[in-house]
Amino acid sequence: MAVKYELIKQCKQSGARLGRVHTPHGVIETPTFMPVGTQATVKTMSPEELKTMDAQIILSNTYHLFLRPGHETVRNAGGLHKFMNWDRPILTDSGGFQVFSLSEMRKITEEGVHFRSHLNGDKKFLSPEVAMEIQNALGSDIMMAFDECPPFPAEHEYVKKSLERTTRWAERCLQAHARPEDQGLFAIVQGGMYKDLRIQSANDLTSMDFPGYAIGGLSVGEPKHLMYDVLDYTVPILPANKPRYLMGVGSPDALIEGAIRGIDMFDCVLPTRIARNGTTMTSQGRLVIRNAKYAEDFSPLDPECSCYTCTNYSRAYIRHLIKADEIFGMRLTTYHNLHFLLQLMRDVRQAIMDDRLLDFRDSFFTSYGLFDNEKGF
Ligand SMILES: [Zn+2]
């Protein structure tokens with residue numbers, strides 16, 4: 001099998017897992033955060049910079065690469081790793097989430113989804129078989145099964161029909177996957193905020209023996225406590241010898257709470273997206289660099305951070321660049337935010353090793369101001 005999970009230890013205080021995910025392009029220490037490179041690039045960062053902050057794996061996007069430049073072009077380049085000059089692991093999502101959130105005039109049938117490209121209105125079609133063909137061409141280490149992510153809120157009956165189709169689609173993905181020796185295919189547990197449906201989805205998918213399992217359909221606008229409830233009753237059903245991936249979650253509080261609930265992998269556009277607007281995550285909490293009070297503040301963004309940005313540049317300078325819409329300003333805030341989350345995950349792994357993840361959570365939440373911050377970033 002292309003992807004294998006190795007459990008190193010469980011935190012005696014929290015139950016969180018310390019582990020390793022073995023892939024064809026290297027080993028990932030977990031729990032881990034995966035920076036998102038939607039268009040085969042993590043916006044404003046070079047692959048070399050991502051390596052200096054020790055990003056172990058990045059995520060890229062089937063839907064976007066299918067529409068532009070086209071997966072045949074990426075295949076002809078020798079696969080996504082060669083195309084974008086990244087030799088570490090890559091995870092590609094299935095395109096399901098983007099078809100449902102970005103494209104217009106979509107029509108869902110049992111066969112797949114007809115939709116119009118958000119770029120130029122062209123008629124396109126995605127199905128389990130097409131999503132596998134695209135991801136086989138991209139050559140990612142971890143591929144995702146094609147799923148439907150229902151909106152929140154959604155009726156029980158709709159979510160039930162949707163997840164049952166997602167399960168049938170997962171089976172078709174397994175059949176269509178042409179490179180199981182090179183690429184691991186993960187299934188996605190759906191079921192909205194309904195306990196019976198999450199359990200049904202998890203049971204059906206785990207009976208098919210995928211090399212890993214994701215929990216999708218969360219962080220779609222529901223309150224955080226609902227998301228944690230779903231994790232509390234879904235994660236225990238997932239097999240202990242496979243990696244578990246919580247999709248679309250990247251706020252510091254949710255990364256820690258997810259790890260406590262047994263999640264190994266996370267991804268989110270949050271740190272890079274807010275960085276480009278000048279919002280940064282620091283050890284003292286959220287810092288909006290545009291604020292006037294930083295105009296003559298020549299201290300680093302985060303005095304406790306050792307990243308390239310904080311070692312070399314001041315809040316006043318970064319504020320000036322962001323206000324002037326300079327690309328270098330976005331690069332500096334992006335570098336810091338990604339480094340901050342990757343450092344947070346290193347700290348989480350050390351806390352699991354030392355059996356003190358709950359203590360770590362409490363001290364982190366206190367200094368970040370998270371006990372009175374609903375947003376979590
Ligand atoms: Zn920094």
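Remember, predicted model here, so these are calculated numbers, not experimental data.
For R261 and Y228, the positive end sits near the middle of the six-membered ring, less than 6.0 Å away and at most 45° from its axis. Taking the centre and axis of the six-membered ring of F66, the NZ or CZ atom of K124 falls inside the cone set by 45° and 6.0 Å. Taking the ring centre of Y213 as origin, the terminal cationic atom of R244 falls outside the region bounded by 6.0 Å and 45° from the ring axis.
By the 30° and 60° cut-offs, the orientation of the rings of Y368 relative to F364 is parallel. Between Y313 and F328, the two ring planes are perpendicular [angle over 60°; tilted spans 30° to 60°].
Looking at residues two or more places apart in sequence or on another chain, you find a side chain to side chain contact (heavy atoms under 4.5 Å, CB included) between Q98 and N61, Y63, H64, D93, L102. Not a single side chain to side chain donor-acceptor pair (under 3.5 Å) links T73 to another residue, sequence neighbours left out. Legend: residues meeting side chain to side chain donor-acceptor pair (under 3.5 Å) with E155, ordered by chain and number and at least two apart, are absent. Looking at residues two or more places apart in sequence or on another chain, you find a side chain to side chain donor-acceptor pair (under 3.5 Å) between N136 and H177, Q183. For S201, the side chain to side chain contact (heavy atoms under 4.5 Å, CB included) partners two or more places apart in sequence, or in a different chain, are L163, V189, L205.
Applying the side-chain hydrogen bond (donor to acceptor under 3.5 Å, both in side chains) test to residues at least two apart or on different chains, the pairs with a partner in residues 32-43 are T32-Q56.
Side-chain N/O atoms of T167 and E164 include no donor and acceptor closer than 3.5 Å. Side-chain contact annotation: Q190 with T166, donor-acceptor N/O pair under 3.5 Å absent. Under the 3.5 Å distance criterion, with hydrogens and angles disregarded, no donor-acceptor pair is assigned to the side chains of D354 and Q13. Checking Q200 against D196 by side-chain atom types alone, no donor-acceptor pair falls below 3.5 Å.
L255 and L246 fall within a single hydrophobic cluster, where Ile, Leu, Val, Met, Phe, Trp and Tyr are joined by side-chain heavy atoms under 4.5 Å apart, directly or via other members. In this structure, M353 is not a member of the same hydrophobic cluster as Y5, with clusters built from ILVMFWY side-chain heavy atoms closer than 4.5 Å.
Counting all heavy atoms, side chain and backbone alike, P31 lies closest to M345 at CB-CE, 3.6 Å.
In this structure, T234 contributes its side chain and L231 its backbone to no donor-acceptor pair below 3.5 Å. Side-chain atoms of T92 do not come within 3.5 Å of backbone N or O of Q135 as any donor-acceptor pair.
Using a 4.0 Å cut-off between charged nitrogen and carboxylate oxygen, R88 and D54 count as a salt-bridge pair.
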Intermediate values then yes/no, ring-ring contact (aromatic ring centres under 6.0 Å, His included), F33 and F266: CA-CA 5 Å; F33 176 78; F266 305 84; 7.8 Å; no
